[in-house]
Amino acid sequence: MAGRTPEWTRALILKKCSAETKPVYHDVVLEKRPLRQLKHGEVLVKISAVSFNRRDLWIRLGQYPQIRFGRTLGADGAGTVVASADANDALLNKRVFLIPARGWESHPDAPEASEVDYHPPCGTFANYVIVERSQVIRSPDHLDDVQVSTWPIAGITAWRVTIINAGVLKDQNILITGIGGGVALFAMQLCLAKGANVYVTSGSEEKIRKATSLGAKGGVNYKSKDWPSQLATLLVQICGKPTKIDAVIDSGGGDIMTQVSGILKQGGKVVSYGMTANPEIKFTMREVLKNQQLIGSTLGSVKDFIDATKFLSEQRIVPVVSHVLEGLEAAEEGYELLKRGDQFGKIVIKIDDKASAKL
């Protein structure tokens with residue numbers, strides 16, 4: 001055993017709400033829990049920062065698959081390896097982040113496993129986490145742990161959507177819907193790093209303004225029924241001639257295919273990583289005749305994580321952080337921010353030694 005192993009950790013635990021609670025909203029409790037001895041191939045990570053994802057809210061609402069009560073919440077986390085079962089482990093005292101799922105190693109199209117476990121054995125909302133050393137990746141040197149904690153789920157989802165499935169290239173015109181969330185913002189940053197021209201939609205004029213300040217060419221408000229026509233006009237204004245979109249990165253679902261069919265090039269792609277507006281996507285013969293493609297995309301493989309993190313480092317991309325909360329005690333505030341949905345960027349909890357001292 002290398003490194004000192006603490007005996008306890010604090011963790012944010014999911015508890016089932018009472019049957020009388022309507023609508024369902026499961027409880028979270030901050031508990032002190034013992035840390036077991038490390039097994040072969042495991043390391044202990046001292047967590048410095050964790051970030052929220054929509055899944056964290058969906059779990060409490062009872063709207064996520066395979067919910068497991070009594071488990072530590074959280075999927076995204078960054079920190080430092082402070083102990084290892086291997087006395088000579090090269091990861092000791094190195095900054096890392098945790099891979100948030102199991103079952104997809106390297107296959108280019110889809111997971112090798114018949115079912116991907118989106119609830120890894122170690123939730124991240126804790127002071128210390130025991131994890132397989134093969135399931136951590138060195139943190140980029142140009143980012144601090146608050147920034148790194150935003151990367152795993154949102155970053156790899158954005159990488160898979162933009163680089164793998166949309167195949168974004170320099171000078172292409174890319175539309176990203178619902179700008180402001182973590183995945184959409186990472187998608188924008190990845191597209192910009194590739195040299196693409198990015199256009200966005202949002203229900204908030206302020207979010208569109210912020211996106212353009214980060215490099216987007218412009219945007220339209222999806223609350224307007226004629227937003228596709230507005231986007232077509234915007235493309236003419238910016239490009240100087242009628243221009244089509246090469247690919248759409250979408251999280252809303254619903255009528256997105258029929259809405260963008262007129263502004264999407266023949267053979268263009270709509271890549272969907274979520275369906276927040278409607279759990280179905282309408283696809284008509286009109287899109288078939290245009291050879292337009294609808295592609296589903298979720299998370300990515302361990303190989304994708306390695307490739308994406310290398311690109312993040314090479315391009316010196318800095319994640320957009322909306323809120324930084326102090327200590328696991330502030331978790332409820334993070335959930336409330338998620339409920340409101342007005343954040344621009346990721347919501348992070350910073351975990352420090354002062355919080356640990358409250359045990």
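The CD1 atom of Ile176 sits 7.5 Å away from atom CG of Leu192, with the distance rounded to the nearest 0.5 Å. Summarising the geometry, atom CG belonging to Asp86 is positioned 7.0 Å from atom CZ belonging to Arg133; distances are rounded to the nearest 0.5 Å. Note that SG of Cys239 and NZ of Lys217 are 8.0 Å apart. Values are rounded to the nearest 0.5 Å. The NZ atom of Lys350 sits 15.0 Å away from atom CD1 of Ile47, with the distance rounded to the nearest 0.5 Å. Atom OG1 of residue Thr233 and atom CG of residue Asp226 lie 8.5 Å apart, to the nearest 0.5 angstrom. Put simply, CD1 on Ile351 and OG on Ser149 are 9.0 Å apart, with the number rounded to the nearest 0.5 Å.
Within the 4.5 Å cutoff, side-chain heavy atoms of Ile99 are placed close to those of Val302. At least one side-chain heavy atom of Val183 sits under 4.5 Å from a side-chain heavy atom of Tyr273. At least one side-chain heavy atom of Met188 sits under 4.5 Å from a side-chain heavy atom of Leu185. Looking only at side-chain heavy atoms (C-beta outward), Thr162 and Lys194 stay at 4.5 Å or farther from each other. Ile174 is listed as a side-chain neighbour of Ile249, based on a closest heavy-atom distance under 4.5 Å. By the 4.5 Å heavy-atom criterion applied to side chains, Phe97 and Val136 are not counted as neighbours. Contact annotation: the side chain of Arg68 never approaches that of Leu14 to less than 4.5 Å [non-hydrogen atoms, C-beta and beyond].
Under the 4.0 Å criterion applied to side-chain N and carboxylate O atoms, Glu31 and Lys15 are assigned as salt-bridge partners. Comment: Glu329 engages Arg10 in a salt bridge, judged by a side-chain N to carboxylate O separation of less than 4.0 angstrom. Under a 4.0 Å N-O distance rule, the pair Lys303/Asp307 qualifies as a salt bridge. For the pair Lys339 and Glu336, the salt-bridge criterion is met [side-chain N within less than 4.0 Å of a carboxylate O]. Taking 4.0 Å as the cut-off between side-chain N and carboxylate O, Asp27 and Lys16 do not count as a salt-bridged pair. Using a 4.0 Å cut-off between charged nitrogen and carboxylate oxygen, Arg209 and Glu206 count as a salt-bridge pair. Remark: Asp246 engages Lys265 in a salt bridge, criterion side-chain N to carboxylate O under 4.0 Å.
Alongside Val29, the hydrophobic cluster contains no other residue (criterion: ILVMFWY side chains under 4.5 Å). Annotation for Val220: hydrophobic cluster partners, listed by chain and number, are Leu175, Tyr199, Tyr222, Trp227, Leu231, Leu234, Leu235, Ile238, Ile245, Val248, Ile256, Met257, Val260, Ile263, Leu264, Val270, Met275, Ile281, Phe283, Met285, Val288, Leu289, Leu294 (ILVMFWY side-chain heavy atoms under 4.5 Å, direct or chained).
In this structure, Glu112 and Ser106 approach most closely via the heavy-atom pair OE2-N, 2.8 Å. Here the closest non-hydrogen pair linking Ser51 and Asp56 is O-OD2, 4.1 Å. When all heavy atoms of Gly77 and Thr124 are compared, the closest pair comes out as N-CG2, 3.8 Å. Contact between Ala158 and Leu190 at its shortest, heavy atoms only, is C-CD1, 3.7 Å. Closest non-hydrogen pair, Gly79 versus Asp145, comes out as CA-OD2, 3.9 Å. Here the closest non-hydrogen pair linking His26 and Cys17 is ND1-N, 3.2 Å.
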side-chain contact (heavy atoms from CB on, under 4.5 Å) assessment of Leu38 paired with Val43: CA-CA 7 Å; Leu38 299 179; Val43 295; 5.6 Å; no
side-chain contact (heavy atoms from CB on, under 4.5 Å) assessment of Val236 paired with Lys241: CA-CA 5 Å; Val236 171; Lys241 60 181 180 180; over 6 Å; no
Residues Trp8, Tyr128; criterion ring-ring contact (aromatic ring centres under 6.0 Å, His included); working and verdict: CA-CA 8 Å; Trp8 301 89; Tyr128 293 93; over 10 Å; no
Pair Arg60-Glu332, salt bridge (Lys or Arg N to Asp or Glu O under 4.0 Å): steps then yes or no: CA-CA 11 Å; Arg60 293 193 67 181; Glu332 201 62 64; 2.8 Å; yes
Candidate pair Ile137 and Val96, rule side-chain contact (heavy atoms from CB on, under 4.5 Å), full reasoning: CA-CA 5 Å; Ile137 292 178; Val96 299; over 6 Å; no
Intermediate values then yes/no, side chain to side chain donor-acceptor pair (under 3.5 Å), Asp250 and Thr177: CA-CA 5 Å; Asp250 179 64; Thr177 65; 2.8 Å; yes
Leu98 vs Val45, side-chain contact (heavy atoms from CB on, under 4.5 Å): CA-CA, chis, key distance, verdict: CA-CA 9 Å; Leu98 281 65; Val45 179; 4.2 Å; yes
Worked verdict on Gln292 versus Ser261 for side chain to side chain donor-acceptor pair (under 3.5 Å): CA-CA 8 Å; Gln292 292 173 341; Ser261 181; 3.2 Å; yes
Intermediate values then yes/no, ring-ring contact (aromatic ring centres under 6.0 Å, His included), Tyr25 and Tyr335: CA-CA 11 Å; Tyr25 194 61; Tyr335 281 105; 7.0 Å; no
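Grouping the Ile, Leu, Val, Met, Phe, Trp and Tyr side chains by contacts below 4.5 angstrom, directly or via other members, places Val324 apart from Leu143. Hydrophobic clustering (side-chain heavy atoms under 4.5 Å, transitive across Ile, Leu, Val, Met, Phe, Trp, Tyr) keeps Val198 apart from Phe186. Side-chain heavy atoms closer than 4.5 Å link hydrophobic residues (I, L, V, M, F, W, Y) into clusters, and following such links, possibly through other members, connects Phe305 to Ile164. Hydrophobic clustering (side-chain heavy atoms under 4.5 Å, transitive across Ile, Leu, Val, Met, Phe, Trp, Tyr) keeps Ile59 apart from Val24. There is a path of hydrophobic side-chain contacts, each under 4.5 Å, that joins Leu57 to Leu12.
No donor-acceptor pair under 3.5 Å is formed between the side chain of Trp58 and the backbone N or O of Leu61. No donor-acceptor pair closer than 3.5 Å links the side chain of Lys46 to the backbone N or O of Asn127. Remark: side-chain polar atoms of Gln343 are not paired, donor with acceptor, to backbone N or O of Gly180 under 3.5 angstrom. Between the Gln135 side chain and the Glu132 main chain, no donor and acceptor come within less than 3.5 Å of each other. Judged purely by atom type and a 3.5 angstrom limit, Thr284 uses its side chain to pair as donor or acceptor with the backbone of Arg286. For the pair His323 (side chain) and Ile347 (backbone), a donor-acceptor distance under 3.5 Å is absent. With hydrogens and angles disregarded, a donor-acceptor distance shorter than 3.5 Å links the side chain of Ser301 to the backbone of Asp304. In this structure, Thr150 contributes its side chain and Val148 its backbone to no donor-acceptor pair below 3.5 Å. Between the side chain of Asn53 and the main chain of Arg55, no donor-acceptor pair closer than 3.5 Å is present. Of the possible donor and acceptor atoms, none in the side chain of Gln147 sits under 3.5 Å from a partner among the backbone N and O of Val318.
With 3.5 Å as the limit, one finds a donor-acceptor pair spanning the side chains of Asn221 and Glu205.
Ring centroid separation for the pair Trp159 and Phe311 comes in under the 6.0 Å cut-off.
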